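In what follows, a single structure is set out as structure tokens and then discussed.
Since the model is a prediction, treat every value here as computed from it, not as a measurement. One-based numbering, in listed order, for ligands and for the atoms of each.
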Amino acid sequence: MNETQKNKVVPITVLTGFLGSGKTTLVNHILHSNQTELHGLKIAVILNEFGTDLGIEKKMMLPFTTTTETQEQRDGWVELDNGCVCCTVKGSLIQTIEKLMKMEKKKKKKKNEFVVQTRSEEVKEEAKEDEDETKAFDYILLETTGLANPGPICGELWVDDALLEDNMENAAVLDSVVCVADAKNIERQLEEHVEAREQIAYADVIVLNKADLVETEEELRRIREKLESINADAKLVVSERSKVDLSQVLDQKSYKGNVKSRLMKETKETTTTKRFFAKGAKDLAMRIEESSKSSNSNSIISKHDETITTVCLTAKGFVDKEKFENWIEDLLWEKRNEPNGADVLRCKGILKCKSKSDAPPLILQGVRDVYEITDGFDGLKLQEDGLSKVVLIGRRLRLDELRVGFESCFFL
Ligand SMILES: Nc1nc2c(ncn2[C@@H]2O[C@H](COP(=O)(O)OP(=O)(O)OP(=O)(O)O)[C@@H](O)[C@H]2O)c(=O)[nH]1
């Protein structure tokens, strides 16, 4: 059992990708995979089909055990044949997740009351069986619709403190965004649909699926380059039938807590919440380094206003945190409202600070207008070049302007 499971933090992976790309195929792969047994994960699947009218109930595509109607089915939950559960969001997503977490608690409470009221050996035996039946969920997979923009969903999941109750006892936290791309059709989809571009932009992991339908290596390389030109920071995994190594898509720890949003500033909200994602910082450091290597001055300037691109900024010296906060807040909160202003969808970064000698760098994470700056964990180091780095993914990102603003937040 890993640290996340021990602490009872339930990670949420948002699964996105254009219509027909292979999301449900990936969910099925995760639910059926032998590797799932290795992870020992008990998974809840949430299908966010709100607003679509495809005429197909997605739950039909997943494995069921029972045909008789249970309380869970009446409530919109269905038990799958591997003990996992599945539901379709009808109302608010946060309420659905809260309901799921409470469902788990209610079952535990029932068991405790039962044990207190009884003493005989016979009943103790029954209580033990009950305990096995009501094992907690370890993981939530949220499959969004093929036309969904994952930005607002991630923002909602990331900011909502209601999911962090009971001193982390039953907390659910955003882990990462996994986007499945249909290798056969993704180029055309990116041309024609803003949703397809946004889905790639928000991804922490891109599963480039249906590789069997791509005829040549050259074509696959061109598609990879296209995806990297939009989001140079995401990990890219090529697959057929969404068969990926689960360690590439689950438990990625791409997000951290202590978020800051315009709303919090306006209401003078200062409370912060604690989450446990120190390990993710190391992956983030490596990925920022990778994307800065792959970015060059030609590939990172927008050619077209609606084109989503990645910009990687680097700076020498130490960050002036207050200046940096002002710069990033102006960028995330003001610029997007200006005509022709930058529209940052996702940002991540590592910032060298001078608070104490040998202090680990600070970590930046952001989704649209919500961001956080947290202390890196002990042992986290900048890459060999010693530079602070920020990766921005979005529209109308003018490199020269951004570079000047970013560098002005540092002193030697
Ligand atoms: N040839 C091929 N077909 C695939 C692959 N992966 C999935 N499919 C097929 O593609 C179709 C769509 O897959 P789904 O998993 O339902 O896609 P989805 O993203 O959930 O679809 P929507 O719910 O419409 O957005 C199904 O018929 C799958 O069997 C693949 O790698 N190669």
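- Looking at Ile97, Val177, Ile153, Leu15 one by one, the single match for side chain to side chain contact (heavy atoms under 4.5 Å, CB included) with Leu142 turns out to be Ile153.
- The distance criterion of under 3.5 Å between nitrogen or oxygen atoms is met by Gly20 with respect to ligand 1.
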Let's go through Glu329 and Lys335 carefully: what are the C-alpha distance in whole Å and the side-chain angles of both, what is the deciding distance for salt bridge (Lys or Arg N to Asp or Glu O under 4.0 Å) to 0.1 Å, and is it a yes or a no?
CA-CA 9 Å; Glu329 285 173 14; Lys335 286 283 185 291; over 6 Å; no
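- For Ser21, the closest heavy-atom approach to ligand 1 falls below 4.0 Å.
- Under 4.0 Å from ligand 1, heavy atoms of Thr25 appear from its side chain as well as its backbone.
- The shortest N/O to N/O separation between Glu240 and ligand 1 does not fall below 3.5 Å.
- The distance criterion of under 3.5 Å between nitrogen or oxygen atoms is not met by Ala211 with respect to ligand 1.
- In this structure, Val249 and Thr13 have side chains that are not in contact, with every pair of non-hydrogen atoms separated by 4.5 Å or more.
- Here the side chains of Lys316 and Phe410 are not in contact, with every heavy-atom distance at 4.5 Å or above.
- Here atom 16 (O) of ligand 1 lies nearest to Thr24 when heavy atoms of Thr24, Leu15, Asn209, Thr16 are compared.
- By the 4.5 Å heavy-atom criterion applied to side chains, Leu362 and Ile350 are not counted as neighbours.
- Checked for salt-bridge contact, Glu225 and Arg222 miss the test: no charged N lies under 4.0 Å from a carboxylate O.
- Of the heavy atoms in Thr145, none comes closer than 4.0 Å to ligand 1.
- Interface atoms of ligand 1 facing Leu19, defined by a heavy-atom separation under 4.0 Å, are 25 (O).
- For atom 5 (C) of ligand 1, the nearest non-hydrogen atom from the set Lys23, Lys210, Lys243, Glu143 belongs to Lys210.
- Contact atoms of ligand 1 toward Asp212: 1 (N), 2 (C), 30 (C), 31 (O), 32 (N) (distance under 4.0 Å to a heavy atom of the residue).
- Residue-ligand proximity, Leu213 to ligand 1, at heavy-atom distances under 4.0 Å covers atoms 1 (N).
- Using a 4.0 angstrom heavy-atom cutoff, Lys184 does not count as in contact with ligand 1.
- Of the residues Lys253, Gln252, Arg346, Lys235, the one that meets the side chain to side chain donor-acceptor pair (under 3.5 Å) test with Asp204 is Arg346.
- For Ala183 against Ile223, the heavy-atom pair with the smallest separation is O-CD1, 3.3 Å.
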